[in-house]
Trainee: 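Please read through the structure below; I'll follow up with questions.
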Amino acid sequence: MATENPFSKFRQECTDVLEQALRKLLPEIKIEKLTFSKPSNPEFGQLASSLCFELAKKINQKPLSLAENLVKAMDKRGFHLIEKAAPAGAGYINFHIDYTKFSKLSIQSIRHLKDKYGFAKTDNPQRIIIEHTSVNPLHPIHIGQARNPMLGDSLARILESRGHVISRHYYIDDVGRQSSVVAYGYAALCKPAPDSKSDLFVGRIYTITSCLVEINRLKRALELSHAVPSEDIAKLNKELAEWVSIAAELKGKFPELFEKLLEQISKDANPEEEINRLNRAYEDGEPKAKKLIREVSELCLYGFRKTQERVGITYDSWDWESDFVWSSQVGDAMRNLKISPFVFSEGGVLEFDAEKVIRVLNLRPKLGLKEDHAVPPLTLVRADGTTLYTTRDIAYSLWKFNLADKVINVIGMEQSLAQLQLKIALYALGFEKEADNFVHFAYNLVTLPGYKMSSRRGHYITFDEVLDEAIERAFEEVSKRSPQLTEAEKRRIADFVGIGAVRYALVDVDASKPVVFTWDRVLNFETNSAPYVQYTHARACSILRKAAREPENPDYTLLIDKLERDLVLIISGFPDTFIEASEYLKPNLIADYVNALADKFNTFYNALPVIKAESQELSDARIALTQAIRIVLCNALNLIGVVAPEKM
RNA sequence: GGGCUCGUAGCCUAGCACGGAUUAAGGUGUCGGCCUUCGGAGCCGGAGAUCGUGGGUUCAAAUCCCACCGGGCCCGCCA
């Protein structure tokens, strides 16, 4: 008698009983769907209906007397997991759960389903592509970008457990001008072998090259600027001064590399022109340009893979933006858009009229846009015939929909407008179903207090640095608490504790809220952190190890303490939380849930003996409860990619 | 200027999609306790909140609607 979702059994029973009473008492009233809420006070039961407040007006009766009548009309033979139903307050109907039966059902179900428990399967399994991370291959992944893979990977784990077929995609943006900048610098240095982690190495080349090229450009602009107004000159001078100070900073940090690049780049009369030429050559698929840019991009991506391996993240597909340019796909999408009534030409530039699509296809309600929310047009093709980022993304999205029913893009909310325009473009092309299933999972930025992160300027804290620091701090913590362990054991533990802490900290906050990065926040080892939950899991394991027996004869009716009952309720509700997290794409719910469960278990641990309980039957019941809790902690941690250790 | 988004104790966060109970939930910090019990990365208790402001809808608003205020972001032939 195992059930996938114990608490929903109880809810279903409440629904059945209340529906039956309604049919009997008020046959003329039709209710679409009964909903229940969890009472604020546990003395009011485990589920409550506020139905009578709504019905009261309609049938001109007081809510409370209606509640009383409904309870009287209930068929008590339908009570299995319900202990009693009672009218309460000004007109609630409270349902009290029968713990003697429910504890047994829940604990046994969990122990039976083990690592499958909680992962209620969807009725509508889909093929879903989750595109996440997609950091440009120009510099290491920094902490501001690291929230993306943490969220994306957790979403992937959650939706996969829900029964969907998930494919994790990384979109490599190698077509932009920036890629040509770094490739230009790399070539100027004669393609050196990295002297450090390859993405860090590429990042240095990128920052210095970009800075030198920028200074060169501004100087030339100033030389040619006799005719322009003086405020423009002032502006150029200000910009130049800024870049010169960045150059000084970079020269101080990387003197050798800086000098070499300066020497080489100075040989070019116009480096900017060289870069633009390289960019065009790459888009045209010229073999030499292809080889060069792919080489430097691969170098950087190699570093990304190393970083993601550390945190247990992998991808199923690495998609090169350039492949879509070189093949006919971007061109095809363009041609189809061009013949639609939504594209117009202005000064030799192709513009996409998103607003017109919305009007003609009446998309405003569907997209949830207000009446006065005007969506600006999107430039598709430059005057020189080359395409823009979002344009190429249209072709890429169509390609993704060849492989999947649904596409979820984990992309910062600063790109909300571009993502919206992209979605509208899919409607314009007639891909209505696809557009409906195109989801921009937007997340807010990670900022550093009093510090403006800028990859162009080389101002960032890399994700690797954060991981290193987290592991180092975890190592100190382990050494302090478990001095008896060997160095190797301490290292192993520090690794999953430090990394768990970072993963947890970056999914724990609602994705739409901004996160201010502080070391204290990310490297928290106390309550409401991965280490806290990991510790709790290890503690549960420790009890089970010490007990050294399977609970042969548990008597669940002995679990009468409020703490035990609360724990049963929490673990029986895990499938509900899991379903909510997957349906509404809210991985933070899992983090909150697992922390709340750990909290309650620690209180229980402190208050009631498991192994040395008064009787063998009670001890067995508590061992079984501890087993069930351990399973749920582990399953929940897995969803956010945090290791559940047996010892730490 | 237009749009999007966030605003809940000193600080960080949950609750808002789906409005409900004379106590708005945690954490951190602060003050005070718990080393006789299964791992103290723990547990218990105290103090700490005009839920940004003002209206409105409702029997009922942190939650829905409107206006305003404050922070962030976007409105490029950048990505």
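Order of the sequence lines fixes the chain letters, A, B, ..., with proteins taken first and strands second; residue numbering starts at 1 for each chain. FYI, side chains are in, hydrogens and waters are out, and symmetry mates aren't considered; it's all heavy atoms of this structure.
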Trainee: Contact class for A/Val478 (heavy atom, under 4.0 Å): base, sugar-phosphate, or nothing?
Mentor: base

Trainee: Classify the nucleic acid contact of A/Ala442 as base, sugar-phosphate or nothing, counting any heavy atom under 4.0 Å across all strands shown.
Mentor: nothing

Trainee: The side chain of A/Asn444 is closest to which nucleotide in this list: B/C78, B/U5, B/C38?
Mentor: B/U5

Trainee: Report the distance from atom CD of A/Glu646 to atom P of B/C38, rounded to the nearest whole Å.
Mentor: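 To the nearest whole Å, that distance equals 20 Å.
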
Trainee: Could you work out the separation of B/C65 and B/U58 based on their P atoms and round it to a whole Å?
Mentor: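 Between the two P atoms, the distance is 16 Å.
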
Trainee: Please report the distance separating the P of B/G19 from the corresponding atom of B/A41, rounded so that it comes out in whole Å.
Mentor: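 Those two atoms are separated by 44 Å.
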
Trainee: How would you label the contact of A/Gln415 with the nucleic acid (heavy atoms, under 4.0 Å): base, sugar-phosphate, or nothing?
Mentor: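 A/Gln415: base contact, heavy atoms under 4.0 Å.
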
Trainee: Specify the residue among A/Val349 and A/Tyr532 whose closest nucleotide of RNA chain B lies further upstream toward the 5′ end.
Mentor: A/Tyr532

Trainee: I need the CD-P distance between A/Gln484 and B/G39, as an integer number of Å.
Mentor: 12 Å

Trainee: If you only use heavy atoms from C-beta on, which nucleotide in B/C38, B/A14, B/C6 is closest to the side chain of A/Val610?
Mentor: B/C38

Trainee: With no hydrogens and no angle check, do the side chains of A/Asp174 and A/Ser297 hold a donor and an acceptor under 3.5 Å apart?
Mentor: no

Trainee: Ignoring hydrogens and angles, does a donor from either the side chain of A/Glu43 or the base of B/A21 sit under 3.5 Å from an acceptor on the other?
Mentor: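 A donor-acceptor contact between them is absent.
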
Trainee: So that I can tick it off, tell me whether A/Arg491 and A/Glu472 are bridged by a salt bridge, with the cut-off set at under 4.0 angstrom between side-chain N and carboxylate O.
Mentor: yes

Trainee: Just by distance, with hydrogens left out, do A/Tyr504 and A/Asn524 show a side-chain donor and acceptor under 3.5 Å apart?
Mentor: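 Short answer, no.
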
Trainee: Check whether the side chains of A/His440 and A/Asn409 place a donor and an acceptor atom closer than 3.5 Å, and report yes or no.
Mentor: no

Trainee: For A/Glu54 and B/G19, give me the distance from atom CD to atom C1', rounded to whole Å.
Mentor: 10 Å

Trainee: Between OG1 of A/Thr391 and CZ of A/Phe324, what distance do you get to the nearest 0.5 Å?
Mentor: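 Interatomic distance, A/Thr391 OG1 to A/Phe324 CZ, rounded to 0.5 Å: 14.5 Å.
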
Trainee: Counting only Watson-Crick pairs (N1-N3 plus N6-O4 or O6-N4) and G-U wobbles (N1-O2, O6-N3), all under 3.5 Å, who is the partner of B/A61?
Mentor: none

Trainee: Taking the side chain of A/Phe53 as its heavy atoms from C-beta onward, which of B/C59, B/U13, B/C38 lies nearest to it?
Mentor: B/C59

Trainee: Using atom CG of A/Asn528 as one end and atom P of B/G29 as the other, report the distance to the nearest whole Å.
Mentor: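 Result: 13 Å.
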
Trainee: For the base of B/A25, is there a side-chain donor-acceptor partner from A/Asp599 under 3.5 Å away?
Mentor: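 Donor-acceptor pair under 3.5 Å: no.
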
Trainee: Looking for any heavy atom pair under 4.0 Å, which part of the strands does A/Pro609 touch: base, sugar-phosphate only, or nothing?
Mentor: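 Here A/Pro609 touches the bases of the nucleic acid.
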
Trainee: Calculate the interatomic distance between A/Asp508 atom CG and B/G27 atom P; express it in whole Å.
Mentor: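 Answer to the nearest Å: 14 Å.
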
Trainee: What does A/Asn94 touch in the nucleic acid at a heavy-atom separation under 4.0 angstrom: a base, only the sugar-phosphate, or nothing?
Mentor: base

Trainee: Are A/Lys513 and B/G7 close enough that a side-chain N or O sits under 4.0 Å from OP1 or OP2?
Mentor: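 Checking A/Lys513 against B/G7: at least one side-chain N or O falls below 4.0 Å of OP1 or OP2.
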
Trainee: With heavy atoms under 4.0 Å as the rule, sort A/Asp510 into base, sugar-phosphate or nothing.
Mentor: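 The answer is sugar-phosphate, as A/Asp510 gets under 4.0 Å only of primed atoms, P, OP1 or OP2.
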
Trainee: If B/U30 has a Watson-Crick or G-U wobble mate with both distances under 3.5 Å, name it; if not, just say none.
Mentor: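 In the structure as shown, B/U30 has B/G46 as its Watson-Crick or wobble partner.
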
Trainee: Once you round it to whole Å, what is the distance between P of B/C78 and CG of A/Leu378?
Mentor: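 Going from A/Leu378 (CG) to B/C78 (P), I get 12 Å.
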
Trainee: So, are A/Glu273 and A/Arg280 salt-bridged, with charged N and O less than 4.0 Å apart?
Mentor: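 Salt bridge between A/Glu273 and A/Arg280, a charged N being under 4.0 Å from a carboxylate O: yes.
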
Trainee: For a quick check of understanding: with a heavy-atom distance under 4.0 Å over all strands, which category does A/Asn136 fall into, base, sugar-phosphate or nothing?
Mentor: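 Answer is sugar-phosphate: A/Asn136 comes under 4.0 Å of backbone atoms only.
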
Trainee: Assign each of A/Met413 and A/Glu351 to its nearest nucleotide of RNA chain B by heavy atoms, then name whichever residue's nucleotide is nearer the 5' end.
Mentor: A/Met413

Trainee: Which whole-number value in Å describes the distance from A/Arg539 CZ to B/U37 P?
Mentor: 13 Å

Trainee: Consider the side chain of A/Arg521, meaning its heavy atoms from C-beta on, and name the nucleotide among B/C12, B/G7, B/G40 that approaches it most closely.
Mentor: B/C12

Trainee: Using only modelled atom types and a 3.5 angstrom limit, is any donor from either the side chain of A/Tyr584 or the base of B/C18 paired with an acceptor on the other?
Mentor: yes

Trainee: Looking at A/Thr527, does any N or O in its side chain come under 4.0 Å of the phosphate oxygens OP1/OP2 on B/G42?
Mentor: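 Looking at the OP1 and OP2 atoms of B/G42, one of them is under 4.0 Å from a side-chain N or O of A/Thr527.
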
Trainee: Looking at A/Phe7, does the NZ or CZ of A/Lys38 lie under 6.0 angstrom from its six-membered ring centre and within 45 degrees of the ring axis?
Mentor: yes

Trainee: So if I take every side-chain heavy atom of A/Arg481 and compare against B/A41, B/G15, B/A14, which nucleotide ends up nearest?
Mentor: B/A41

Trainee: Looking at A/Tyr605, I'd like to know if the NZ or CZ of A/Arg539 sits under 6.0 Å from its six-membered ring centre while staying within 45 degrees of the ring's axis.
Mentor: yes

Trainee: Could you work out which one of B/C78, B/G29, B/A21 sits closest to the side chain of A/Arg382?
Mentor: B/C78

Trainee: What contact category does A/Ala538 fall into here, base, sugar-phosphate, or nothing, at under 4.0 angstrom with non-hydrogen atoms?
Mentor: base

Trainee: Considering every strand shown, what is the Watson-Crick or G-U wobble mate of B/C68 when both distances are under 3.5 Å?
Mentor: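 Base-paired to B/G52.
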
Trainee: Just compare B/C43, B/C78, B/A14 and give me whichever is closest to any side-chain atom of A/Leu388.
Mentor: B/C78

Trainee: Please measure how far the P atom in B/C34 lies from the corresponding atom in B/C11, and state the result in whole Å.
Mentor: 32 Å

Trainee: Rounding to the closest angstrom, what is the interatomic distance between B/A61 and B/G55 at atom C1'?
Mentor: 13 Å

Trainee: How long is the line joining CZ of A/Arg473 and C1' of B/A41, in whole Å?
Mentor: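 Value for this atom pair: 14 Å.
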
Trainee: Considering only atom P, compute the distance from B/G26 to B/U5 and round it to an integer number of Å.
Mentor: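 To the nearest whole Å, 31 Å.
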
Trainee: Taking the same atom, P, in B/U50 and in B/G56, what whole-Å distance lies between them?
Mentor: 22 Å

Trainee: Measuring only the C1' atom in each nucleotide, how far is B/G52 from B/G72? A whole number of Å is fine.
Mentor: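 Straight-line distance between the two C1' atoms is 15 Å.
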
Trainee: From B/C77, B/A41, B/G27, pick the nucleotide closest to the side chain of A/Ala383?
Mentor: B/C77

Trainee: Whether the A/Asn602 and A/Tyr535 side chains hold a donor-acceptor pair (N or O, under 3.5 Å, no angle test) is what I'd like checked.
Mentor: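 Absent: no donor and acceptor within the cut-off.
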
Trainee: Contact class for A/Glu477 vs. all strands (heavy atom < 4.0 Å): base, sugar-phosphate, or nothing?
Mentor: base

Trainee: Any stacking of A/Phe44 on B/A21, going by centres under 5.5 angstrom and planes within less than 30 degrees?
Mentor: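 Stacking between A/Phe44 and B/A21: present.
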
Trainee: Just to be sure I understand the rule, does A/Arg622 reach a base, reach only the sugar-phosphate, or reach nothing, if contact means heavy atoms closer than 4.0 Å?
Mentor: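 No contact at all - A/Arg622 keeps every heavy atom at 4.0 Å or more from the nucleic acid.
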
Trainee: Would you indicate what A/Lys480 reaches in the nucleic acid, counting non-hydrogen atoms under 4.0 angstrom: base, sugar-phosphate, or nothing?
Mentor: nothing

Trainee: With the side chain of A/Met648 defined as its heavy atoms from C-beta on, choose the nearest nucleotide among B/G42, B/G7, B/G39.
Mentor: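 Side chain of A/Met648 sits closest to B/G39.
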
Trainee: Looking across every strand, which nucleic acid part, if any, lies under 4.0 Å from A/Pro63 by heavy atom: base, sugar-phosphate, or nothing?
Mentor: nothing

Trainee: In whole angstrom, give me the gap between the P atoms of B/G46 and B/U53.
Mentor: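 These two P atoms come out 27 Å apart once rounded.
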
Trainee: Just to be sure I understand the rule, does A/Asn595 reach a base, reach only the sugar-phosphate, or reach nothing, if contact means heavy atoms closer than 4.0 Å?
Mentor: nothing

Trainee: May I ask you to say what A/Thr603 touches in the nucleic acid, namely base, sugar-phosphate or nothing, with a heavy-atom cut-off under 4.0 Å?
Mentor: sugar-phosphate

Trainee: What's the closest nucleotide to the A/Tyr605 side chain, out of B/C16, B/G3, B/G39?
Mentor: B/G39

Trainee: Does a salt bridge link A/Arg364 with A/Glu355, judged by any charged N lying under 4.0 Å from a carboxylate O?
Mentor: yes

Trainee: If you go through the side-chain atoms of A/Ser542, does one of them form a donor-acceptor pair with the base of B/G39 closer than 3.5 Å?
Mentor: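 Yes, a donor-acceptor pair under 3.5 Å.
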
